[in-house]
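Taking it in order: structure first as structure tokens, then the write-up.
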Amino acid sequence: YLNKIWVKFSIVIVLLLLVLMAVVFQFFTRRELAIERSDLQENMERIAKMVASIRLMDTEDDSLYSDWIDRIIRSDPRQNLVYIAVFDSRQRLVAYALNPRDLAVNAEILTPESEKEIVLRMASGQIAEDSWNDFDHIPVEIRFGRTSRGRVDVGFSLIEFNNQARDKLLVNAYILGIAFIVAVMISILFGRRFTKPLNKLSSAMIAISKGDLAVEVESRSNDEIGDLARSFNYMTRRLREKTAIDDFSRDLVFSLEHSQLIQMVADRIVEYMGASQGALFLLQSQGKDLFAVSKWGWPNRIDRKISIKF
């Protein structure tokens, strides 16, 4: 099958469509995911700047920060926030809030000391290697004028985002698979339709090589293949004419009697014209009169002479 033109044509079309669809799907999907992740990061950065803009760092009661940022985490509708940590100018953790939903710990046994240790480790990037793609954090500096008074660090989970990204890629893979099947079916259909006239031409050439000069190829299209079919039909007609002339010339050589010669001419003409019957008329003059006389016909000789006066 690999030697057939329609198979090669189908393979080329399928590969081209597959590459094109894969590039388009990947481009738009990757672009969409990049925009969504950028929006998530911008949202987390806005939260960090909002916390940094509250000038409660000068107060001695750091619990105000803790209560406020704890309410921020609890009010997150998508539960993407993992922690919010506030550090002073000496990089000491003065306030924090932790959402242990996506952490591999038992929230019921967490103590304030263990929560603080978890926040410090995550803010410094000390997380498991297999969780690097599921977590990110954004630090924002707290500034009063030109003086740095610490920083706010917001950590957020990418688990939901990654799950949605995998779902989108999986849907795209399904769509790509269905499109691949459709492309295969369409390419096979068009490939067979494109090569069908060529196969007919090939079969007709084989028939001619075996001596069948009556074969012709039907031509309906006006493209190059249609021109090729019409040229082939013209060639076969010329071959039939040449063969008829050759046969007639050969028969003339072996025909000695004029009656046989005339009957042979009548036979050849009627056969060549594809008629069911025919007759050969000869002009004869009788005095001042001119007659068209028929004595030879096809498929059988005419027993009765037909004479027509002009």
Side-chain angles (χ1 to χ4, degrees), residues 13-54 65 68-87 93 95-105 107 115 118-143 148 150-184 186:
I13 295 299
V14 168
L15 290 178
L16 289 177
L17 290 177
L18 186 61
V19 171
L20 179 61
M21 289 185 295
V23 171
V24 171
F25 276 120
Q26 288 298 318
F27 173 76
F28 284 104
T29 302
R30 297 292 182 183
R31 185 171 178 268
E32 182 182 0
L33 293 177
I35 293 174
E36 291 181 0
R37 179 158 183 167
S38 177
D39 292 341
L40 178 60
Q41 291 175 337
E42 289 178 0
N43 186 37
M44 296 299 112
E45 186 176 3
R46 281 195 296 269
I47 294 175
K49 289 180 178 180
M50 180 181 62
V51 175
S53 65
I54 303 300
Y65 257 122
W68 186 58
I69 60 180
D70 185 66
R71 287 196 296 270
I72 293 176
I73 287 183
R74 294 181 183 276
S75 62
D76 181 19
R78 303 185 66 177
Q79 295 291 307
N80 288 324
L81 284 170
V82 177
Y83 71 86
I84 299 177
V86 180
F87 296 87
L93 182 63
Y96 67 90
L98 178 66
N99 178 17
R101 184 176 71 94
D102 292 330
L103 300 180
V105 295
E115 288 184 354
I118 291 174
V119 171
L120 288 173
R121 292 177 59 186
M122 297 183 72
S124 61
Q126 298 180 21
I127 59 176
E129 184 177 354
D130 56 354
S131 299
W132 286 353
N133 295 327
D134 295 331
F135 174 79
D136 197 3
H137 70 104
I138 295 179
V140 173
E141 190 176 5
I142 303 174
R143 299 189 67 85
S148 176
R151 65 183 174 90
V152 175
D153 196 284
V154 175
F156 54 97
S157 172
L158 296 175
I159 294 177
E160 183 179 356
F161 171 80
N162 291 335
N163 290 336
Q164 293 178 353
R166 281 190 291 268
D167 292 340
K168 289 182 178 180
L169 291 176
L170 187 61
V171 170
N172 286 342
Y174 286 144
I175 295 175
L176 192 61
I178 295 174
F180 174 77
I181 295 174
V182 173
V184 169
I186 293 176

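Keep in mind the model is a prediction, meaning the values are calculated, not measured.
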**Message:** Quick check on Arg30: does its CZ atom have over 12 non-hydrogen neighbours (other residues, nucleotides or ligands) under 6.0 Å away?
**Reply:** no

**Message:** Within this structure, what is the CG-OG distance for the pair Asp153 and Ser124, rounded to the nearest 0.5 Å?
**Reply:** 9.5 Å

**Prompt:** Hey, are the side chains of Arg37 and Leu158 touching, using non-hydrogen atoms and a 4.5 Å cut-off?
**Reply:** yes

**Prompt:** Can you check whether Ile69 reaches Tyr83 side chain to side chain, under 4.5 Å on heavy atoms?
**Reply:** no

**Message:** Give me the atom names and distance for the closest heavy-atom approach of Val154 to Ala48.
**Reply:** CG2-CB, 3.4 Å

**Asked** In Å, rounded to the nearest 0.5 Å, how long is the span from CE of Met44 to OG of Ser157?
**Response** 10.0 Å

**Asked** What is the distance from atom CD1 of Ile72 to atom CG of Leu81, rounded to the nearest 0.5 Å?
**Response** 8.5 Å

**Prompt:** Taking all atoms of both residues into account, what is the closest heavy-atom pair of Asn162 and Asp134, and its distance?
**Reply:** ND2-OD1, 2.8 Å

**Prompt:** Is there side-chain contact between Val86 and Ile142, with at least one heavy-atom pair below 4.5 Å?
**Reply:** yes

**Prompt:** Can you tell me how far CZ of Arg31 sits from OG1 of Thr29, rounded to the nearest 0.5 angstrom?
**Reply:** 11.5 Å

**Asked** So do the side chains of Glu45 and Gln41 get within less than 4.5 Å of each other, counting heavy atoms only?
**Response** no

**Fill in**
dist Ile35:CD1 -> Leu40:CG (nearest 0.5 Å) comes out at 14.0 Å

**Fill in**
Here the pair of heavy atoms bringing Ala123 nearest to His137 is O-CE1, 3.7 Å

**Item:** Min side-chain heavy-atom separation Ile138-Phe156 under 4.5 Å
**Value:** yes

**Request:** Report the C-alpha separation of Leu120 and Phe87 in whole Å, then their side-chain angles, then the decisive distance to 0.1 Å, and conclude whether the side-chain contact (heavy atoms from CB on, under 4.5 Å) test is met.
**Result:** CA-CA 10 Å; Leu120 288 173; Phe87 296 87; 3.7 Å; yes

**Complete:** To the nearest 0.5 Å, atom CG of Leu15 lies from atom CG of Leu20 at 12.5 Å

**Prompt:** For Ser148 and Arg143, which heavy atoms make the closest approach, and how far apart are they?
**Reply:** CB-NH1, 4.1 Å

**Prompt:** Any side-chain heavy atom of Asp39 within less than 4.5 Å of one from Glu42?
**Reply:** yes

**Item:** Heavy-atom neighbours of Lys168 NZ exceed 12 at 6.0 Å
**Value:** yes

**Request:** Side-chain contact test, heavy atoms from C-beta onward, threshold under 4.5 Å: evaluate it for Leu103 versus Phe135 and give yes or no.
**Result:** no

**Item:** Ala52 to Val140 - nearest heavy-atom pair and separation
**Value:** CB-CG1, 4.3 Å

